[in-house]
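A quick write-up on the structure given underneath.
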Amino acid sequence: MYVMYYSYSNTAQYAHYVFNTLDQDRSGLLSFEEFVTGLSVLSRGTIEEKLQWTFSLYDINGDGYITKEEMTEIVTAIYDLMGKIVEPMIDDDAIREKVERLFQKMDLNRDGVLTLDEFLDCCLRDEDIIRSMGVFDSNF
């Protein structure tokens, strides 16, 4: 049932971002080594490694900073992926408000971008985020 839902949802944009995060050498091709490395981090990595991977997902252009625009793109892709299961009728204004709240919480020096240190600092102090990272844990 879970797989069926995702097969009918809009996965293309989110899949694009995940692919780019796994494609560490930015070749446009995903090697087996890159795939296994990413899977290993997500399934058996430390909380810090998982958060670093998540940071790289949000840092779309790979410049070491997450901008509000980048976060908006990822949050939009996540809502598109989840569809009405998460929040029915989510609109652009609601997404912008969510991103603003996240930046208020995470952007410690108020420079308009998130660094890896700011991201890690905030996430490591948030029990809900730490608990959500456990979703990736695997015993295989």
Q) What's the verdict on side-chain contact (heavy atoms from CB on, under 4.5 Å) for Leu30 and Phe19, showing C-alpha distance, side-chain angles and the deciding distance? A) CA-CA 7 Å; Leu30 191 59; Phe19 179 91; 3.5 Å; yes
Between [X] and [Y] (side chain of the first, backbone of the second, donor and acceptor by atom type, cut-off under 3.5 Å), is there such a pair?
X: Asp23; Y: Ser27; result: yes
X: Asp121; Y: Arg125; result: no
X: Ser40; Y: Val36; result: no
X: Gln13; Y: Ala77; result: no
X: Asp59; Y: Ile66; result: no
X: Glu118; Y: Leu108; result: yes

Q: From the options Arg101, Glu100, Arg96, select the one residue that forms a side-chain contact (heavy atoms from CB on, under 4.5 Å) with Lys98.
A: Arg101
Q: Say whether Asp117 and Thr115, considering side chains only, have a donor N or O and an acceptor N or O under 3.5 Å apart.
A: no
Q) Any side-chain donor-acceptor pair under 3.5 Å between Glu70 and Tyr65? A) no
Would you compute the distance between atom [atom1] of [X] and atom [atom2] of [Y] and round it to the nearest 0.5 angstrom?
X: Glu73; Y: Ile78; atom1: CD; atom2: CD1; answer: 12.0 Å
X: Arg131; Y: Ile129; atom1: CZ; atom2: CD1; answer: 10.5 Å
X: Glu49; Y: Thr46; atom1: CD; atom2: OG1; answer: 3.5 Å

Q) Of all heavy-atom pairs between Lys50 and Leu42, which one has the smallest distance, and what is that distance? A) CE-O, 3.3 Å
Q) If every non-hydrogen atom of Leu124 is compared with every non-hydrogen atom of Ile130, which pair is closest and at what distance? A) O-CD1, 3.2 Å
(Q) What verdict does the side-chain contact (heavy atoms from CB on, under 4.5 Å) test give for Leu102 and Lys68, after you've listed the backbone C-alpha separation in whole Å, the side-chain angles of each residue and the deciding distance to 0.1 Å? (A) CA-CA 9 Å; Leu102 287 167; Lys68 288 181 183 178; over 6 Å; no
**Q.** Intermediate values then yes/no, side-chain contact (heavy atoms from CB on, under 4.5 Å), Asp126 and Lys105
**A.** CA-CA 11 Å; Asp126 189 310; Lys105 183 177 183 177; 2.5 Å; yes
Q) Is Arg110 salt-bridged to Asp107, going by a charged N under 4.0 Å from an acidic O? A) no
**Q.** Verdict with supporting geometry, Ile95 and Asp91, side-chain contact (heavy atoms from CB on, under 4.5 Å)
**A.** CA-CA 6 Å; Ile95 291 172; Asp91 62 10; over 6 Å; no
